[in-house]
Number of protein chains: 2
Amino acid sequence: MRFTIRDVAKKANVSVSTVSHALNSTRYVKEETREKILKIADELKYKPSTIAQGLRKKSLETVAVFVPNISSQFFSQILIGINEVALKNNYHIIMANTFFNSEEEEKTLENLKNQFIDGAILVSGNDNVACIKKLKMENFPFVLIARDIDPDIPSILIDNFKATRNIVDYLVTMGHKRIGYVTMNFSGRKTVEDRFLGYKEGLEENNIKYNPDDVLVVDEAMIDEMAVSYRHCKKFFNNKVPTAIITATDNIAAGLYVALKENGFRIPDDVSVVGFDNLPISRFLDPPLTTMKQPKKLMGYKGMEILLDLINKKKLPDPVIKLETKIIERDSVKQII
Amino acid sequence: MRFTIRDVAKKANVSVSTVSHALNSTRYVKEETREKILKIADELKYKPSTIAQGLRKKSLETVAVFVPNISSQFFSQILIGINEVALKNNYHIIMANTFFNSEEEEKTLENLKNQFIDGAILVSGNDNVACIKKLKMENFPFVLIARDIDPDIPSILIDNFKATRNIVDYLVTMGHKRIGYVTMNFSGRKTVEDRFLGYKEGLEENNIKYNPDDVLVVDEAMIDEMAVSYRHCKKFFNNKVPTAIITATDNIAAGLYVALKENGFRIPDDVSVVGFDNLPISRFLDPPLTTMKQPKKLMGYKGMEILLDLINKKKLPDPVIKLETKIIERDSVKQII
DNA sequence: TTGAAAGCGGTACCAA
DNA sequence: TTGGTACCGCTTTCAA
């Protein structure tokens, strides 16, 4: 059996309020009584019940984080950032893995919102716009990471459009004129679509004709991203390859790498590849992958900070925060003379 | 403002107990009143407070999962298994990332134990034996995954010793006689040490003399495992290489791959490599890594199931569950004639 | 078929 | 300097 504050009070011959105050230093308690109370609490190994405290304070100091798939380093890196800030502020994190299932996400969130959590971070996932606007209406504290839905909703983002456009520019600088693209299907994800649009815009600005035959839109759930990418790329890039291929994520690039090699292409001699995300693994692919960095930990960091501000009713300057990206040059792109 | 059960009761002109019973179907309520209550609850968007329910039932249906580093696929795969079972049983997961910091782990756990969580899963991490035995004394429900501490503590494991011994046997079958080993330091982790001991035993049984010059014990925290491995391997395997190298994890192998290649060795032509874990990425390394599979999702799955049994006071047949491993043959090992 | 009220384990207001 | 107690929002026993 666990002891309660009443047990401590009885044993110390004081009232529960005195015990509470002594333990929380919320009002002055005579040194002598205080010590006595502390001693007894210690003897009984008394620990206040978090639930009871939560009921009074109407907070468990807990937030939920929704990610599509923790097995992807993109999400786990963001989680690490979130975790760091949470720890510092004595907040707990409920982890919800949605596998891109919006219904599941909505259901779990609905469930947790009932006082369990103070707020939520929704990382990526399908743009379940209706659900998210509803959240907003309810004034429930939440922030979006890597999810581009509404300029009025606190979001941590990069400029996906600009990022891929820059990649195209970069490749053009390196002499490439035929540039392919591999992406998961957009399925209502603006961030993913923006990358693709940036790609197209990049071509146009460089006077390269957009060629649908050079773009592969993988129409399959990207749970095991590398494997799915590999399977589709293997079929798609069998004899015709552009001189360079951009992928919507590093994980897709990893699958593409193997597919290309198995089909007899050398990277970057026969075909250059540029990824997106700069995952920790990307430097360990062969050849090390040139890629567009997203500041993943920072995104988590900022996201959690904003969420705490929201919970504490601080007002934010600007709901949408766009973070910097940059190209990390490694060895998967070849200069063409 | 949120509405409470009292608001619903008042508006429906019934008592709170009737509302509670109607909503939970815990006793018969006249159809007419029931419908009325449901309707009003719906109108007010009434949702019972999870904290209040938790206080009554003394459970928030929540468990904590401690992992050293979610960024490693080994842990995220286990988490996915845990998550699956949790979801099915309407349990929530508090995620705690320890970065192998036992103190942090202990502190957070101490904090959460106060009624917040019903139990915990401790994945890997340093063998903080004292702390864990204490948990056991307190009768707190918890299970260990990939952590080998005490035969009386519920644990999900593989036979690490046997696994590496089998790898050595395998390599010997493939004609190798000089076999190196790369590992993180044991720092009190029996699972890691066992792998090493299995390696040594394997050598002995095959009449190969153990050569300390062929083993690299990386004496640095393995937070960014691949990067750390790379750095150390690069220096260590500069001219002298065995014909085959076993690594304690696939992540270490990924770092080793790059180090070897940069030092001018071809895999597997100059040196064969065998990993451990069979992470999803391993198939996408170049060459695809031959490795010892640990059933990661299954470990999570089983771990969570056992934990739920523990929480529900079911008694377990045998606390320690050892799961099967097997060698996944890919292309990183060359047969030597 | 339903209601009153105790109680889960704390916090904090009002009094003394 | 401390105590009594209402209350957080629900569940559940006992009684009607």
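Every chain is numbered from 1 and lettered A, B, ... according to where its sequence line falls, protein lines coming before strand lines.
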Query - Proximity of A:Phe116 and B:His92 rings by center, below 6.0 Å - result: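 Yes; B:His92 has its ring centre under 6.0 Å from that of A:Phe116.
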Tell me, please, which residues at least two apart from A:Lys107 pass side chain to side chain contact (heavy atoms under 4.5 Å, CB included).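 Residues passing side chain to side chain contact (heavy atoms under 4.5 Å, CB included) with A:Lys107: A:Glu104.
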Ordered by number, residues from residues 15-37 of chain B within less than 4.0 Å of DNA chain C (heavy atoms) are B:Ser15, B:Val16, B:Ser17, B:Thr18, B:Arg27, B:Tyr28, B:Val29, B:Lys30, B:Thr33
Working note: A:Arg189 + A:Ser124, criterion side chain to side chain donor-acceptor pair (under 3.5 Å); need CA distance, chi angles, decisive distance, verdict. CA-CA 8 Å; A:Arg189 287 209 277 159; A:Ser124 192; 3.0 Å; yes
Checklist entry - Side chains of B:Ser59 and B:Asp118: donor-acceptor distance under 3.5 Å anywhere? => result yes
Item checked: Sole candidate of B:Asp148, B:Leu323, B:Leu144 that passes side-chain contact (heavy atoms from CB on, under 4.5 Å) when paired with B:Leu157 ->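 One option only clears the test, and that one is B:Asp148.
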Given atom [atom1] of [X] and atom [atom2] of [N], what is their separation to the nearest angstrom?
X: A:Glu61; N: C:dG10; atom1: CD; atom2: P; result: 16 Å
X: B:Ile5; N: C:dA5; atom1: CD1; atom2: C1'; result: 14 Å
X: A:Phe116; N: D:dG9; atom1: CZ; atom2: C1'; result: 16 Å
X: A:Phe3; N: C:dG10; atom1: CZ; atom2: C1'; result: 17 Å

Indicate, with a heavy-atom threshold strictly under 4.0 Å, whether A:Asn13 touches base, sugar-phosphate, or nothing.
sugar-phosphate
| Does some side-chain heavy atom of A:Asp150 sit less than 4.5 Å from a side-chain heavy atom of A:Ile132? |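 Not in contact.
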(message) For the CG atom of A:Asn114 and the CD1 atom of A:Ile117, what is their distance to the nearest 0.5 Å?
(response)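 The CG atom of A:Asn114 sits 9.0 Å away from the CD1 atom of A:Ile117.
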Contact residues, residues 46-59 of chain A to DNA chain D [heavy atom, < 4.0 Å] =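 Hits under 4.0 Å, by residue number: A:Leu55, A:Arg56, A:Lys58.
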Practice problem: Say whether, by atom type as modelled, one donor and one acceptor occur between the side chain of A:Arg34 and the main chain of A:His21 under 3.5 angstrom. | Solution: no
